[in-house]
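The chain is numbered in sequence order, starting from 1. Below, each value reflects all heavy atoms present in this structure, side chains not excepted, and no hydrogens, waters or symmetry copies.
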Amino acid sequence: MNQRRIPIIAGNWKMNKTSREARELAASLIPLVSVVKDREIVLGPPFTSLQAVSEIIKGTNIALSAQNMHWEDKGALTGEISAEMLLDLGCQYVIIGHSERRQYFGETDETVNKKVKQALRKGLRPILCVGETLAEREGGKLQEIINRQITGGLNDIGAGDMKKIVIAYEPVWAIGTGKTATPEQANEVHALIRQRVKALYREEIADGLRIQYGGSVTPENVSSLMAMPDIDGALVGGASLKPESFAALVNFR
Ligand code: PGA
């Protein structure tokens, strides 16, 4: 954590919670985090619960995120959701390029980049996800993969827009597995990402960029991760599905 960057803790609910369950989860969370002022709190329910959660968190210190979107404005794209639809429901953020989308739904650096650009054009703040698989890490490709995902994902994005972007480093081998990267391992990659952004833009942009860690973050390990100089927040799956554990993450010391 670095004093100049406001920590951002986001819950990625993935394909969990009906709208009734989502409303209950959000409602139970509000009183547990209502006094928090020095960090940003974001909830990412599935599309079908965005409206319900949006209504519940209105006027609180919690922001709303979607988990994906399409890069076109509108049209014959059955099953897809546009940026405008997300804005209409009160979303401020959108998670883009999550490794599950890259792995199971064919997302590439190119489509991820189109989505990031469309989100920015429309006024949504992208949470751009990057991360290597275990095979890539063990094959010595970590740096190459991260640099490719960062350079590709940020292609053609101006320095002014970089202030609206959050990057989430999520090693694929740590997601939902209970295997967290050690704080040192995570920080090493965060520093690499910051270095890359500095090379693509300039130091001031890299210094201001918030980089979240994601992958089996829990109330038990969050403090040691957040103590690292280049870790500015967490993108949390499993531990965001219960109000007490997500509140404990938000309230890390
Ligand atoms: P996890 O998921 O916290 O359940 O590992 C993180 C993520 O995929 O965003």
Side-chain angles (χ1 to χ4, degrees), residues 1-69 81-96 98 119-120 122-129 163-168 208-214 217-220 222-223 225-226 231-253:
M1 208 170 109
N2 175 303
Q3 298 306 332
R4 280 165 306 169
R5 299 188 288 264
I6 298 166
I8 175 166
I9 310 292
N12 173 11
W13 295 2
K14 308 192 179 182
M15 196 173 73
N16 293 292
K17 308 287 175 191
T18 62
S19 58
R20 185 181 55 77
E21 291 165 345
R23 200 177 282 120
E24 285 169 9
L25 173 51
S28 319
L29 182 68
I30 292 169
L32 304 179
V33 300
S34 60
V35 295
V36 175
K37 295 219 162 51
D38 52 352
R39 37 200 79 164
E40 218 178 323
I41 309 166
V42 182
L43 296 183
F47 289 134
T48 48
S49 300
L50 285 172
Q51 173 82 36
V53 174
S54 182
E55 284 166 11
I56 294 276
I57 63 176
K58 202 167 184 183
T60 70
N61 55 341
I62 303 173
L64 190 65
S65 177
Q67 299 174 15
N68 181 30
M69 55 167 259
I81 302 284
S82 73
E84 208 172 316
M85 294 169 186
L86 300 181
L87 287 165
D88 183 42
L89 296 181
C91 288
Q92 286 137 282
Y93 284 93
V94 57
I95 298 169
I96 294 179
H98 189 279
L120 291 166
K122 296 291 175 180
L124 282 164
R125 304 174 71 126
I127 298 177
L128 167 61
C129 302
K163 301 197 173 92
K164 298 172 201 143
I165 293 184
V166 174
I167 289 179
L209 175 72
R210 290 184 297 173
I211 308 175
Q212 295 176 305
Y213 170 77
V217 178
T218 63
E220 289 72 40
V222 67
S223 301
L225 288 160
M226 291 304 299
I231 300 185
D232 310 309
L235 181 56
V236 187
S240 72
L241 296 174
K242 292 214 172 74
E244 301 76 21
S245 59
F246 190 65
L249 289 169
V250 168
N251 288 303
F252 75 87
R253 289 276 150 251

Considering all heavy atoms, the nearest [X]-[Y] contact:
X: Ala119; Y: Pro126; value: CB-CG, 4.1 Å
X: Ile57; Y: Ile30; value: CA-CD1, 4.3 Å
X: Leu249; Y: Ala239; value: CD1-CB, 3.9 Å
X: Ser34; Y: Asn61; value: O-ND2, 3.8 Å
X: Thr18; Y: Glu21; value: N-OE1, 2.9 Å
X: Leu124; Y: Cys91; value: CD2-O, 3.4 Å

For this session: Any side chain to side chain donor-acceptor pair (under 3.5 Å) involving residues 238-253? Give me the pairs, sequence neighbours left out, ordered by first then second residue.
Result: none
For this session: Hey, could you give me each pair passing side chain to side chain donor-acceptor pair (under 3.5 Å) that has a residue in residues 42-51? Not counting sequence neighbours.
Result: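 Pairs touching residues 42-51 that pass the test: Gln51-Glu55.
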For a 4.5 angstrom cut-off between non-hydrogen side-chain atoms, does [X] reach [Y]?
X: Leu235; Y: Val166; value: no
X: Pro46; Y: Asn16; value: no
X: Leu120; Y: Lys164; value: yes

Could you tell me the separation between the [atom1] atom of [X] and the [atom2] atom of [Y], rounded to the nearest 0.5 Å?
X: Leu25; Y: Ile56; atom1: CG; atom2: CD1; answer: 10.5 Å
X: Ile167; Y: Leu209; atom1: CD1; atom2: CG; answer: 4.5 Å
X: Phe47; Y: Ile81; atom1: CZ; atom2: CD1; answer: 5.0 Å
X: Ile41; Y: Phe246; atom1: CD1; atom2: CZ; answer: 7.0 Å
X: Met69; Y: Glu84; atom1: CE; atom2: CD; answer: 11.0 Å
X: Ile96; Y: Ile127; atom1: CD1; atom2: CD1; answer: 9.5 Å

Would you give me the side-chain donor-acceptor pairs under 3.5 Å for residues 5-14, sequence neighbours excluded?
residue: Arg5; atom: NE; partner: Asp232; partner atom: OD1; Å: 2.9
residue: Arg5; atom: NE; partner: Asp232; partner atom: OD2; Å: 3.2
residue: Arg5; atom: NH1; partner: Asp207; partner atom: O; Å: 2.7
residue: Arg5; atom: NH2; partner: Pro229; partner atom: O; Å: 3.1
residue: Arg5; atom: NH2; partner: Asp232; partner atom: OD1; Å: 3.4
residue: Asn12; atom: OD1; partner: Lys14; partner atom: N; Å: 3.1
residue: Lys14; atom: NZ; partner: Glu100; partner atom: OE2; Å: 2.8

Problem set entry | side-chain contact (heavy atoms from CB on, under 4.5 Å) between Arg210 and Glu40, intermediate numbers included | CA-CA 11 Å; Arg210 290 184 297 173; Glu40 218 178 323; 2.8 Å; yes
Problem set entry | Any donor-acceptor pair under 3.5 Å from Gln92 side chain to Arg125 backbone | no
